[in-house]
Every structure is written in C-alpha cells, then in structure tokens.
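To start, the structure itself, in structure tokens.
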Amino acid sequence: MAVPTSRRAALARLIGWAALLVAHANEDTIRLRSGLRMPANGLGTCCRKTARGQPIIDATKEYLRVGGRLIDTAMAYRNHEEIGEALRASGVKR
C-alpha cells in the first residue's frame, strides 16, 4: 500500500526521518531462523524532540493505519505510555 507523496511529506514534517519509513512499511521482510518473517523497516521512536507527546502518538497511529507493524521501543526512550496509547487507539490486535 503506497502512501501518497503529499501524505508522506506531511508525516515527514510531523516526526522527521522516522515517518519516512511509513511509506515503505512491510514492503520488505527478513526471514528469521524460525521461518517466520518480520518487517525489515520499522518506526523508530527514539531521540527526537517529537518522540514524546502528541506528535509520537499521531505518527504511531498513522504508521499502524497504513500497515506498519514493527515499532522500535525501549523504556529508555521514555515514551512507552504514548506508544501504548497509540496502539490501543489503533485497534490493531497484539
């Protein structure tokens, strides 16, 4: 599912480089030793001023809406509450 260029530009302004991955979410996969496949690209949620609060919630919800399923998270990023809120609001099954 391709994201229109104007939407891609809006996302890039919202959260910077990490949002650009939305346009390519789930296009490429990596095969794990178990045989399962996982997305090769994901949404990074670290180290930017926009990685907290409403900007990261909105970016994460949009990433999930367009089919993205790999989200880089860590307690050290201190935005786990926002990521959780976005996941709950998205309706995506865990």
Side-chain angles (χ1 to χ4, degrees):
M1 172 185 212
V3 178
T5 303
S6 60
R7 187 117 176 137
R8 196 175 307 150
L11 285 171
R13 285 191 302 275
L14 177 63
I15 195 156
W17 62 268
L20 294 176
L21 294 176
V22 170
H24 303 288
N26 295 332
E27 285 186 3
D28 297 312
T29 60
I30 296 171
R31 187 170 185 259
L32 305 174
R33 280 191 245 172
S34 66
L36 296 174
R37 300 190 76 77
M38 67 176 265
N41 298 308
L43 177 67
T45 65
C46 171
C47 309
R48 297 183 59 85
K49 290 179 183 176
T50 54
R52 292 193 183 167
Q54 198 61 46
I56 194 66
I57 293 169
D58 293 342
T60 303
K61 287 190 329 191
E62 181 62 14
Y63 175 75
L64 294 167
R65 188 190 68 77
V66 299
R69 293 298 182 266
L70 177 63
I71 303 172
D72 173 33
T73 62
M75 291 295 285
Y77 301 168
R78 297 181 186 202
N79 60 5
H80 55 281
E81 291 181 12
E82 290 95 330
I83 301 300
E85 180 179 331
L87 282 166
R88 284 187 296 279
S90 75
V92 171
K93 291 183 180 180
R94 296 180 65 193

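Fair warning: this is a prediction, and the values are worked out from it, not measured in the lab.
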Cluster overlap L70 with L87, hydrophobic side-chain contacts below 4.5 Å: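 Yes, one cluster joins them.
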
For the student: nearest non-hydrogen atoms of [X] and [Y], plus distance:
X   : Y   : answer
N79 : T45 : ND2-O, 2.7 Å
R52 : P55 : O-CD, 3.5 Å
E81 : R88 : O-NH2, 4.3 Å
G42 : Y63 : CA-OH, 3.3 Å

Can you tell me if S90 uses its side chain to pair, donor with acceptor, with the backbone of K61 under 3.5 Å?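 Checking the backbone N and O of K61 against the side chain of S90, no donor-acceptor pair under 3.5 Å is found.
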
Quick one: does any side-chain atom of R69 pair with a main-chain N or O of L64 as donor and acceptor, under 3.5 Å?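 Checking the backbone N and O of L64 against the side chain of R69, a donor-acceptor pair under 3.5 Å is found.
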
Do E82 and T60 pass the side-chain contact (heavy atoms from CB on, under 4.5 Å) test, and can you show the C-alpha distance, the side-chain angles, and the key distance before you say yes or no? CA-CA 9 Å; E82 290 95 330; T60 303; over 6 Å; no

With rounding to the nearest 0.5 angstrom, report the SG to CZ distance, C46 to R78.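 Between C46 SG and R78 CZ, I get 11.5 Å after rounding to 0.5 Å.
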
Rounded to the nearest 0.5 Å, what separation is found between the CG atom of N41 and the CG atom of D28?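 Result: 6.0 Å between the selected atoms.
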
Run the salt-bridge test on E62 and R65 with the 4.0 Å N-O cut-off and return the result as yes or no.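 The answer is yes: the pair qualifies as a salt bridge.
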
